Visitor: 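Provided herewith is a single structure, encoded as structure tokens, for subsequent inquiry.
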Amino acid sequence: MDTARFIRQSANVWEIAPHGAMRVPAIIFASEALLRDMDDKVVEQISNVAMLPGIVKAAYAMPDAHWGYGFPIGGVAAFDPEEGGVVSAGGVGFDISCGVRLLRTGLREADLHGRQRALAAALFHDIPAGVGSHGALRLTPSEMDHMLTDGARWAVARGYGTPMDLLHTEEYGRMADADPHQVSEAAKQRQRDEMGTLGSGNHYLEVQKVSQILDANIAAAYGLHEDDIVISIHCGSRGLGHQIGTEFLREMVVAAPQHKIALPDRELACAPIDSALGQRYLGAMRAAINCALANRQILTDTTRTVFAKLLPAARLSVLYDVSHNTCKVEQHEIDGRKRKLYVHRKGATRAFGPDHPAIPEDLRPYGQPVLIGGSMGTASYVLAGTPQSMGLAFGSACHGAGRSMSRTQALKQFGGRHIVDELEQRGILIRSPSLRGVAEEAPDAYKDVTAVVAAADQAGLAHIVARLEPKICIKG
DNA sequence: ATGTGC
């Protein structure tokens, strides 16, 4: 990307002033090197987002941004219903409420010695992974509705985990105002036996060690110490979220003319927040958020069972669970005035600063944990929301490394077997039902996650707390 | 992301 197109606001903040049909500026958070390597499509897409009705302040792209469906992945945009603001299915993405949950184990790296292979085998055996994977559960229609209404709270009530888990989950495990009646039978059908499954693509369950502490004070408050073993679970709402996304996208394209919305790109299909269609989508999307929260809760329970068999000294506790594909109603102060906004985060993690009431009480003084999943075989990071993050991009940060190469391109260039062998030589065990999937997820098909989080940190979006390195990766 | 697709 040509950096001359931008007004450089500061070292890591780049702006395109509004022109043409843009209502607000487009802003990219990135280092100069990341921006130079960034897909031109990102500017085109956030500039299009900046044209949508009721958009507030600016359309943003995070340092890991790349080309997505309509909105870039790594995009943030907030809309005001009082100014004709819209909600967009493409602004949330197909994998509704995809997110990361981080578990502490109470184990140290030394506790894994001699057990790593057995643990990898047991996790791979018990965690359903891959395209169309099925879990042990099969939901009746009434259980499906309970799950879609109560999220992780439903899972805990059914014996999958403890109330303590909910305390450290976004929305305390239950997204309010979900409406299972707006979720089609087809979506429910697809999800019936997919609860507690990982899925495919970039989803994974990883056993990691804390390799570096970058903020000792916050790390201690988060219960993280060097050489600790932790577990990251990265997955979303499976077939249900995808089906909801597909159906509403189609409906929003058809309805756009009725709502008098001129779309700069039909992939940006959206509906006014105050329309019946907008409200129906929000009800269904929140039900999908509950599905993802319940899914990660059940996976937590399965993981606990595996650890109890192999490493009974382990005590798995949730540090935090946060989504990076959502649209949420939040209060934000704009020019001294508090406004209720519909914040779309697509491949962007919520990153609320210290003292925000949405953060669990014991973590509140330190800022919300921001969980950044790296690409397979590379590092992940834990960051914390900062006091200034609310004013920068509505309290948002990056979500991962971000692809630098398409899946097709990665398949041409890399071999799954080779990647597994190479990582094994570095002490990282990859277990996956699909070598093709492994090739698509090759570490070199992604940006450098360390550079991405450094840019997020330097821009002030979130503050780096700890670095995690993989030991075992169960790959979807 | 996805019962991976014109």
Side-chain angles (χ1 to χ4, degrees), chain A residues 41 45 64-75 88-101 128-135 137-139 144 183-205 233-250 267 269 281 284-285 287-289 291-293 295-296 299 323-327 344-349 373 375-376 399-412 416 432-442 445-446 474-476:
Chain A
K41 276 278 185 184
Q45 291 193 316
D64 51 339
H66 56 105
W67 180 24
Y69 186 94
F71 283 59
I73 294 159
S88 167
V92 173
F94 287 96
D95 190 9
I96 298 170
S97 200
C98 182
V100 179
R101 172 179 292 218
V131 179
S133 51
H134 292 177
L137 268 134
R138 188 180 169 109
L139 299 191
M144 175 67 67
V183 179
S184 71
E185 281 310 311
K188 290 175 180 174
Q189 203 68 16
R190 280 180 71 168
Q191 194 59 31
R192 199 174 48 182
D193 44 14
E194 285 196 348
M195 293 309 294
T197 67
L198 213 47
S200 63
N202 64 1
H203 291 166
Y204 59 78
L205 182 147
I233 300 173
H234 177 208
C235 63
S237 53
R238 306 288 284 107
L240 180 127
H242 190 272
Q243 187 67 27
I244 291 170
T246 306
E247 290 169 9
F248 276 95
L249 212 73
R250 197 183 304 137
E267 291 188 357
Y281 173 70
M285 187 232 15
I289 291 180
C291 177
L293 293 174
N295 196 29
R296 292 194 287 272
L299 282 163
S323 300
H324 46 239
N325 284 355
T326 57
C327 173
H344 295 63
R345 296 188 181 87
K346 179 186 187 180
T349 311
S375 49
M376 184 181 56
H399 84 304
R403 289 200 82 91
S404 60
M405 198 185 283
S406 72
R407 290 182 181 280
T408 329
Q409 206 180 334
L411 277 178
K412 274 187 218 152
S432 172
S434 161
L435 282 175
R436 176 193 169 129
V438 169
E440 287 182 356
E441 291 294 318
Y446 280 82
I474 309 301
K475 189 79 190 159

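On a predicted model such as this, the values are computed, not experimentally measured, just so you know.
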Visitor: Who are the side-chain contact (heavy atoms from CB on, under 4.5 Å) partners of A/R138, not counting sequence neighbours?
Guide: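 Scan of A/R138 (side-chain contact (heavy atoms from CB on, under 4.5 Å), adjacent residues dropped) gives A/R192, A/D193.
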Visitor: Rounded to whole Å, how long is the line connecting atom CZ of A/R436 with atom P of B/dT2?
Guide: 14 Å
Visitor: Using a heavy-atom cut-off of under 4.0 Å over every strand shown, decide if A/G93 touches base, sugar-phosphate, or nothing.
Guide: nothing
Visitor: So what does A/Q191 touch, heavy atoms closer than 4.0 Å: a base, only the sugar-phosphate, or nothing?
Guide: nothing
Visitor: Could you tell me the separation between the CD atom of A/E247 and the P atom of B/dT2, rounded to a whole number of Å?
Guide: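 From A/E247 CD to B/dT2 P: 16 Å.
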Visitor: The criterion is ring pair (Phe, Tyr, Trp, His ring centres under 6.0 Å); which residues satisfy it with A/H399, sequence neighbours excluded?
Guide: A/H324
Visitor: Using the ring pair (Phe, Tyr, Trp, His ring centres under 6.0 Å) criterion, which residues pair with A/Y69? Sequence neighbours excluded.
Guide: A/F94
Visitor: Name all pairs fulfilling the side chain to side chain donor-acceptor pair (under 3.5 Å) condition that reach into residues 88-100 of chain A, sequence neighbours left out, sorted by first residue then second.
Guide: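 Counting only pairs at least two positions apart or across chains, the side chain to side chain donor-acceptor pair (under 3.5 Å) contacts touching residues 88-100 of chain A are A/D95-A/H203, A/S97-A/S323.
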Visitor: Please report the distance, rounded to the nearest Å, between CZ in A/R407 and P in B/dG5.
Guide: 12 Å
Visitor: Mind listing the residues from residues 234-242 of chain A sitting with a heavy atom below 4.0 Å of DNA chain B? Number order is fine.
Guide: A/R238, A/G239, A/H242
Visitor: So, do A/L205 and A/I233 sit near enough that their side-chain heavy atoms are less than 4.5 Å apart?
Guide: yes
Visitor: Once you round it to whole Å, what is the distance between C1' of B/dT2 and CG of A/N295?
Guide: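 Those two atoms, CG and C1', are 14 Å apart.
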Visitor: Between A/E441 and A/S434, which has a closest nucleotide on DNA chain B that is more 5'?
Guide: A/E441
Visitor: What I'd like to find out is whether the side chain of A/H66 reaches to under 4.5 Å of the side chain of A/S404, using heavy atoms alone.
Guide: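 No. Closest side-chain heavy atoms not under 4.5 Å.
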Visitor: Quick one: A/I96 CD1 to B/dT2 C1', roughly how many Å, whole number?
Guide: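 It is 12 Å, rounded to the nearest whole Å.
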Visitor: How is A/G245 classified with respect to the nucleic acid when contacts are heavy atoms under 4.0 Å: base, sugar-phosphate, or nothing?
Guide: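 If one applies the 4.0 Å heavy-atom cut-off, A/G245 turns out to touch nothing in the nucleic acid.
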Visitor: OP1, OP2 of B/dT2 versus side-chain N and O of A/T246: anything below 4.0 Å?
Guide: no
Visitor: How long is the line joining CD of A/Q189 and P of B/dT2, in whole Å?
Guide: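 In whole Å, B/dT2 P lies 18 Å from A/Q189 CD.
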Visitor: Please report, rounded to the nearest Å, how far the P atom of B/dT2 is from the CD1 atom of A/I73.
Guide: 13 Å
Visitor: Under the salt bridge (Lys or Arg N to Asp or Glu O under 4.0 Å) rule, collect the residues that match up with A/R436, sequence neighbours excluded.
Guide: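 Salt bridge (Lys or Arg N to Asp or Glu O under 4.0 Å) list for A/R436, sorted by chain: A/E440.
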